[in-house]
Amino acid sequence: MWVLLAVVVVVVGFALKLNSMLVVTAAGIVAGLIAGLSPVAIVEAFGSGFAGSRSVTVFVVVLPVIGLIERHGLQEQARTLIAKLRGLTTGRLLASYLLIRQVTAALGMTSIGGPAQAVRPIVAPMAEAAAEREHGPLTEQMREKTRSYAASADTVGVFFGEDIFVAVGSILLITGFVDATYGLTLDTLQVALWAIPTAICAFLIHGYRMLRFDRQLARMAAAGGAIDGKAALR
Amino acid sequence: MIKLEWVLWLVAALFLANAVIRLTDSTDRKHVGGAAFWAVLAFTFAYGGQVKKTGASAFVEGIAVLALAVLAGVGFPGKGTRELVTDDEKVAGARRFGNKLFLPALLIPIIAVIFGSALSKVHIGKQLLLEDSSATIIGLGVASVVALFVAMVLFKVKSPATPFRESDRLLGHIGWAAILPQYLATLGILFTAAGVGKAVGKITGSVLPKHFLLAAVIVYCLGMLVFTVIMGNAFAAFPVMTAAVGWPILVQQYHGHPAPIFAIGMLAGFCGTLITPMAANFNLVPAALLELKDQYGPIKAQLPTAIPLWICNVALMYFLCFSR
């Protein structure tokens, strides 16, 4: 049971908002010591673990090109485009993106979207532009919320879309683990099909919240306007 | 065969370029420490391949990895290059290039998908063209290079240093959060070795009431949620909770249908992924990329969805997975 101390380190560290890298490193060392690993073995575990998970950081290769197109006005163009699409509010835009993300992920196209490739350069600026068109200049709170919601549409979409696709990691993990441990022969397609009801629930719940976000923005704009006299005069 | 390792070398080169840019930036007060951070990171990416393939010392890699944590802990790296062009210049760019600006951005997913779907099955002789199960990541690497080339031609960018200054600007916003997911993956390995999973399994096993199906369903789904929040990963929670509750109780004792129980159980875990900072690549990295003041902004946006969705999963499992 002492191993749960390592979990406590993580929870307390994040709660105190200490530097996450140090929290995680400390928790890893605690876990290793409780497991009876030698200091050398713990350092080696950090080395091989880090080396083995390098592919989660591959998203940085898109940054030079994203930076370059931002430099030439990508976000401004995203705004211009949104200005022409009159009926497209922030909420409707994000709900549509959620649907696109879920459907393409369900077809195995998980690389369409992602925070680096799609949310920062395209989805978030469009969502902000739509909010600006409705409510005028955004307060910091409105901007933060809009960006957070844009990120959430991407994450919820990919999580509850990709499990419908047969050849995705989680489906293979389920069938691999269960078949090897309990001698079953689960059909991956069966497992994938049973992800559909949850995917529909996810779309209804998160999509509804995205649509309702328009009203929340309006409320925030009204509150912000009351505090900031200039905005109220506009 | 095109190997995943080549893309990781590309990442190493990008980090190295970043180190050089930081080192030569005299306006950055933290330029030496910042350059050291990116240079050590470049080393871990290049040398990491040797650790995996040829059994080079994992100890050396480990020292470098811990050095990164120390550098991050004392406040490195600082911000990257400041905005290089004014807002007016960007508006002018948007007016000049119009929707052509979207072309390189859209090329990235299109090429990545072509690699991930069509090219992943192509053989040259007996060998696969792309390293097995890495096709999408390789595609992302190729896509970035192609899109960069197209963008440079399209916008008539003369200096090859420009895109790297821009990536330095973006990496400066992300900082050490860029590699936090890798740290958490490493932590997962140490947690597993230390038996955190077994301890949690034991606790859930002891609190579970007998002969009460709904309670068993709730315990399985709640265990997936809580354990995923702690480990940051539903994949780590799944074997534990399935061995503790899913298989012996839901399938064997209550004769539930395995495929939907396991599928929905995993998705109950995904609800936990939405609300934990431990899932850094889904929650903290987007916050950094979008330059949010509140690093928990995306988690706060996802919490009101995660809870009702988790309840949906409990209900779906209870009503769909057992014959009555």
Side-chain angles (χ1 to χ4, degrees), chain A residues 1 3 7 14 19 21-22 24-25 28 31-32 34-35 43-51 53-56 58 61-65 67-69 71-74 76-77 109 111-112 115 117 120-121 147-149 151-152 155 159 170 173-174 177 186 190-191 194-195 197-198 201 205-206, chain B residues 8 48 51 58-59 61-62 65 69 72-73 85 90-91 93-94 101 108-109 112-113 137 141 144 147-148 151 155 163 166-167 170 176 181-183 185-187 189-191 193-196 199 230 235 239 259-260 262-263 266-267 270 277 282 286 289-290 297-298 301-302 305 308 312 316:
Chain A
M1 287 298 141
V3 290
V7 176
F14 273 117
N19 181 289
M21 292 273 283
L22 289 182
V24 170
T25 308
I34 294 171
V43 174
E44 283 177 348
F46 270 101
S48 56
F50 193 83
S53 51
R54 283 171 299 154
S55 35
V56 300
V58 163
V61 298
V62 307
L63 295 181
V65 63
L68 197 63
I69 28 188
R71 177 195 177 89
H72 290 86
L74 177 72
E76 286 67 17
Q77 182 61 22
M109 294 182 274
S111 355
I112 289 186
Q117 304 98 296
R120 174 176 169 121
R147 289 182 182 184
S148 298
Y149 270 58
S152 80
T155 307
F159 276 17
S170 53
L173 180 100
I174 292 173
F177 171 76
L186 282 187
Q190 275 289 315
V191 179
W194 282 107
T198 304
C201 293
I205 295 170
H206 207 60
Chain B
L8 295 170
V51 175
F59 186 77
E61 176 88 353
V65 169
V85 288
K90 285 193 203 163
V91 171
L101 284 158
I108 297 171
V113 164
I137 298 175
S144 316
L148 181 58
F155 308 138
E166 293 292 338
S167 69
L170 295 177
W176 51 258
Q182 267 183 273
Y183 265 76
T186 308
L187 182 65
I189 294 167
L190 278 161
F191 270 18
V196 173
I230 292 169
F235 293 8
F262 298 141
M266 182 65 97
L267 293 164
F270 281 14
F282 295 112
L289 259 174
L290 295 170
Q302 284 151 204
T305 294
C312 286
L316 287 169

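Bear in mind that the values here come from a model prediction, so they are computed numbers and not experimental data.
Per-residue counts of heavy-atom pairs under 4.5 Å with chain A were compared for B:Ala147, B:Pro109, B:Ser167; the largest is that of B:Ser167. Ranking B:Gly93, B:Gly141, B:Gly73 against chain A, the residue ahead of the rest is B:Gly73, based on heavy-atom pairs under 4.5 Å. Across A:Ala35, A:Pro121, A:Gly32, the residue that shares the most heavy-atom pairs under 4.5 angstrom with chain B is A:Ala35. Per-residue counts of heavy-atom pairs under 4.5 Å with chain B were compared for A:His72, A:Gln190, A:Arg120; the largest is that of A:His72. Each of A:Ile34, A:Thr25, A:Leu74 has some count of heavy-atom pairs under 4.5 Å with chain B, and the biggest count is that of A:Leu74. When each of A:Pro115, A:Ser148, A:Ser55 is scored by its heavy-atom pairs under 4.5 Å with chain B, the top score falls to A:Ser148. Chain A forms the most heavy-atom pairs under 4.5 Å with one residue out of B:Pro260, B:Ala112, B:Ala185, and that residue is B:Pro260. Contact count against chain A (heavy-atom pairs under 4.5 Å) is highest for B:Gln182 among B:Gln302, B:Met266, B:Gln182. With chain B as the partner, the residue from A:Phe159, A:Tyr149, A:Phe177 showing the most heavy-atom pairs under 4.5 Å is A:Phe159.
Both the backbone and the side chain of A:Val24 come within less than 4.5 Å of a heavy atom in chain B. Residue B:Val91 touches chain A through both its backbone and its side chain, counting heavy-atom pairs closer than 4.5 Å. Looking at B:Val196, both its backbone and its side chain come within 4.5 Å of chain A, counting heavy atoms on both sides. Contacts between B:Ile108 and chain A at a heavy-atom distance below 4.5 Å involve the side chain alone, from C-beta outward. When heavy atoms are compared at a cutoff of 4.5 Å, B:Leu316 approaches chain A solely by way of its side chain, counted from C-beta outward. The part of B:Leu187 that comes within reach of chain A is its side chain, from C-beta onward, which places non-hydrogen atoms under 4.5 angstrom from that chain.
Nearest heavy-atom pair, A:Phe50 versus B:Glu61, reported as atom, atom and distance to 0.1 Å: CD2-OE2, 3.9 Å. Of all heavy-atom pairs between B:Ser144 and A:Val62, the closest is OG-CG1, 3.6 Å. Contact record, B:Phe155 with A:Ile69: CE1-CG2, 3.1 Å, taken as the closest heavy-atom pair. Nearest heavy-atom pair across B:Thr305 and A:His206 is OG1-ND1, 2.5 Å. The heavy-atom pair separating B:Gly195 from A:Val3 by the smallest distance is O-CG2, 3.8 Å. The two residues A:Val58 and B:Leu8 make their nearest non-hydrogen contact at CG2-CD2, 3.7 Å.
The OG1 atom of A:Thr198 lies 10.5 Å from the CZ atom of B:Phe270; values are rounded to the nearest 0.5 Å. We find the CG-CG distance between B:Leu148 and A:Leu63 to be 11.5 Å, quoted to the nearest 0.5 Å. Note that the CG atom of A:Leu68 and the CG atom of B:Leu170 stand 10.5 Å from one another [nearest 0.5 Å]. Between B:Lys90 atom NZ and A:Arg71 atom CZ the span is 10.0 Å, to the nearest 0.5 Å. The CZ atom of B:Phe262 sits 11.5 Å away from atom CG of A:Leu173, with the distance rounded to the nearest 0.5 Å. To the nearest 0.5 Å, atom CD of residue A:Gln117 and atom CG of residue B:Leu289 are 9.5 Å apart.
Looking at heavy atoms from C-beta onward, A:Thr155 lies out of side-chain contact with B:Pro298 at the 4.5 angstrom threshold.
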